[in-house]
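Report on the following structure.
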Amino acid sequence: MFGNKSLFQLTLERNKDLIGETLIVGNKDNYLLSRADLSRAGIAKYNEIIEAAPRNTAAAIAFAALAVKSEDLLLITPSDHIITNAEAYSKAIKSAASLASEGNLVTFGITPTKPETGYGYIEFSENEVLSFREKPDVETAWAFLESQNFLWNSGMFCFQAGTYLEELAKFEPEIHQTSVEAFSKMAAGFVPEHETMLIPSKSIDYAVMERSEKIKVIKADFGWSDLGSFESVWEHWEVQGENHRFIDNNCVVGSTKHVEFLGVNNLVLVETADAILILDKNSSQDVKKIYERLERERPELVM
């Protein structure tokens with residue numbers, strides 16, 4: 001979908017010249033895929049932490065923090081982002097590192113371009129975070145956009161490992177303690193399953209970022225897109241001028257067949273080896289409901 005490279009590979013390539021070391025946190029179901037992409041990205045030296053099961057981002061980031069020195073800076077970069085302005089990205093990373101070196105937990109906020117209801121928002125003033133807001137309804141999203149005092153929450157962070165662990169222990173002592181215990185029993189990069197399942201599942205946003213008094217924000221405009229929905233994929237391809245993806249204001253994803261549309265528009269057709277999905281672009285945020293149902297009824301389709 002993205003120049004014959006996965007989003008994970010693009011993330012590796014984007015960051016490899018900005019950091020001192022590469023540390024991958026993933027789970028046992030995809031570590032072989034990540035190793036293959038590391039090779040394709042030309043990264044031979046890296047460390048990895050392989051979770052027995054996902055326990056959300058608070059724990060995953062705790063593992064990363066435990067794997068390095070307390071004073072080391074962690075740049076947390078999820079692998080489902082597209083970033084098109086490398087120079088602006090590098091500048092934002094340097095600004096975040098400076099704030100993080102002073103003991104702050106730094107988040108990256110993206111200037112909104114539309115009333116998006118699929119993202120969380122950050123209310124801000126310069127580098128100060130005034131509040132975090134959950135995914136809004138359309139009316140509230142319009143109000144956020146018009147006020148110019150809100151940024152999209154990108155899910156990217158920068159902080160010293162020790163600062164994060166201190167704040168995690170302060171606000172979520174059970175997550176901190178069980179993560180420490182699971183990490184201490186890690187063998188050859190694999191975190192054991194029994195100890196993993198004792199860790200409460202909570203995101204870093206709920207566990208730490210929305211509660212800490214050490215939060216700062218970098219306003220970032222580096223061509224960011226969180227490709228978490230087919231609508232965002234559609235918009236990315238439009239910006240990139242990939243006109244071959246579109247037929248009569250409809251979008252085709254993954255199909256190698258000849259496709260025709262008649263009397264309909266704004267549809268996304270997605271084809272994989274064993275399934276076809278057709279949706280209205282504006283319903284992209286609801287695809288997760290189909291995924292959740294298939295997990296229960298047809299798990300072989302979402303593995």
Side-chain angles (χ1 to χ4, degrees), residues 7 11 54-61 76-83 92 105-125 127-158 167-168 171-172 175 200-212 215-239 251 253 266 268 270 277 279-296 302:
L7 290 174
T11 302
R55 302 308 293 161
N56 220 311
T57 51
I61 296 169
I76 308 298
T77 59
S79 58
D80 57 353
H81 296 172
I82 284 285
I83 290 171
L105 302 174
V106 183
T107 185
F108 294 78
I110 309 300
T111 302
T113 57
K114 62 178 182 175
E116 174 62 59
T117 60
Y119 301 153
Y121 284 73
I122 301 168
E123 185 180 12
F124 79 108
S125 176
N127 293 127
E128 300 299 322
V129 173
L130 304 180
S131 69
F132 287 89
R133 304 293 183 90
E134 292 301 309
K135 296 175 182 178
D137 57 27
V138 174
E139 184 177 349
T140 304
W142 270 113
F144 288 170
L145 185 66
E146 291 170 356
S147 75
Q148 299 184 12
N149 295 326
F150 288 86
L151 303 170
W152 286 335
N153 188 352
S154 71
M156 292 176 53
F157 309 100
C158 185
E167 294 295 274
L168 182 64
F171 296 112
E172 293 288 346
I175 295 178
S201 178
K202 186 172 286 190
S203 73
I204 182 178
D205 296 283
Y206 291 144
V208 174
M209 302 303 288
E210 296 183 6
R211 301 157 77 180
S212 175
I215 308 298
K216 300 291 184 182
V217 64
I218 293 294
K219 181 181 178 182
D221 295 297
F222 40 55
W224 176 90
S225 177
D226 173 11
L227 297 178
S229 72
F230 288 109
E231 181 178 13
S232 59
V233 172
W234 177 310
E235 292 172 350
H236 171 70
W237 280 341
E238 278 188 325
V239 171
C251 184
V253 181
N266 220 42
V268 182
V270 186
L277 170 68
L279 66 144
D280 187 290
K281 180 181 71 170
N282 296 325
S283 298
S284 290
Q285 293 297 332
D286 293 328
V287 170
K288 61 185 177 183
K289 296 177 182 177
I290 296 177
Y291 183 90
E292 290 166 356
R293 176 170 57 80
L294 290 177
E295 276 190 313
R296 299 189 303 270
V302 295

Q.
Pro54: which residues meet the side chain to side chain contact (heavy atoms under 4.5 Å, CB included) condition with it, sequence neighbours left out?
A. Asn27
**Q.** CZ-NE2 distance between Phe108 and His81, expressed to the nearest 0.5 angstrom
**A.** 11.0 Å
Q: Apply the test side-chain contact (heavy atoms from CB on, under 4.5 Å) to residues Phe230 and Cys251: give CA-CA distance (whole Å), side-chain angles for both, the deciding distance (0.1 Å), then the verdict.
A: CA-CA 9 Å; Phe230 288 109; Cys251 184; over 6 Å; no
Q: Please report the shortest heavy-atom distance between Ile83 and Phe222, naming the atom on each side.
A: CG2-O, 3.2 Å
Q | CG on Leu151 to CZ on Arg133, rounded to 0.5 Å | A | 12.5 Å
(Q) So which atom in Ala58 and which in Leu168 form the shortest heavy-atom distance, rounded to 0.1 Å? (A) O-CD2, 4.2 Å
Q | ring pair (Phe, Tyr, Trp, His ring centres under 6.0 Å) partners for Phe171, two or more places apart | A | none
Q) How many angstroms lie between CG in Asp137 and OG1 in Thr117, if you round to the nearest 0.5 Å? A) 8.5 Å
Q) With Thr111, which residues qualify under side-chain hydrogen bond (donor to acceptor under 3.5 Å, both in side chains), at least two apart? A) Asp221
Q) What residues form a side chain to side chain contact (heavy atoms under 4.5 Å, CB included) with Ile290, not counting sequence neighbours? A) Leu277, Arg293, Leu294
Q.
Going by the rule salt bridge (charged side-chain N to carboxylate O under 4.0 Å, His left out), which residues pair with Glu210 if we only count those two or more places apart in sequence or in a different chain?
A. none
Q: Can you sort out the partners of Trp234 under ring pair (Phe, Tyr, Trp, His ring centres under 6.0 Å), two or more places apart, ordered by chain and number?
A: Phe246
Q: Return the minimal non-hydrogen interatomic distance between Pro78 and Gly155, and the atom names on each side.
A: CG-O, 3.3 Å
Q: For Asn149 and Phe124, indicate whether the former's side chain and the latter's backbone hold a donor-acceptor pair under 3.5 Å.
A: no
Q: For Met209 and Ile215, work out which heavy atoms get closest and say how close.
A: O-CG1, 3.4 Å
Q: Output the distance between atom CD1 (Ile218) and atom CE (Met156), rounded to the nearest 0.5 Å.
A: 10.5 Å
Q) Hey, is the main chain of Ser232 close enough, under 3.5 Å, to the side chain of Ser229 for a donor-acceptor pair? A) yes
**Q.** Which residues share a salt bridge (charged side-chain N to carboxylate O under 4.0 Å, His left out) with Asp286, sequence neighbours left out
**A.** Lys289
Q.
Using modelled atom types and a 3.5 Å cut-off, is there a donor and acceptor pairing between side-chain atoms of Asp280 and backbone atoms of Asn282?
A. yes
Q.
As an exercise, state the distance from CD of Glu172 to CD1 of Ile204, rounded to the nearest 0.5 Å.
A. 12.0 Å
Q | Set of residues satisfying side chain to side chain contact (heavy atoms under 4.5 Å, CB included) with respect to Lys114, sequence neighbours excluded | A | Glu116, Trp152, Glu231, Glu235
**Q.** Taking every non-hydrogen atom, the tightest pair across Ser154 and Ile110
**A.** CB-CG1, 3.9 Å
Q. In chain order, what residues pass the ring pair (Phe, Tyr, Trp, His ring centres under 6.0 Å) check against Phe144, with sequence neighbours excluded?
A. Tyr121, Phe150
**Q.** Sequence-distant partners of Thr11, side chain to side chain contact (heavy atoms under 4.5 Å, CB included), two or more places apart
**A.** Arg14, Asn15, Thr77, Ser79
Q: Not counting sequence neighbours, which residues clear salt bridge (charged side-chain N to carboxylate O under 4.0 Å, His left out) with Lys281? List them please.
A: none
Q: Quick one: list whatever passes salt bridge (charged side-chain N to carboxylate O under 4.0 Å, His left out) with Glu139, sequence neighbours left out.
A: none
**Q.** Heavy-atom pair with the smallest gap, counting every atom of Thr57 and Ser203
**A.** OG1-CA, 3.3 Å
Q. Roughly how far, to the nearest 0.5 Å, is OG1 of Thr107 from CD1 of Ile76?
A. 11.0 Å
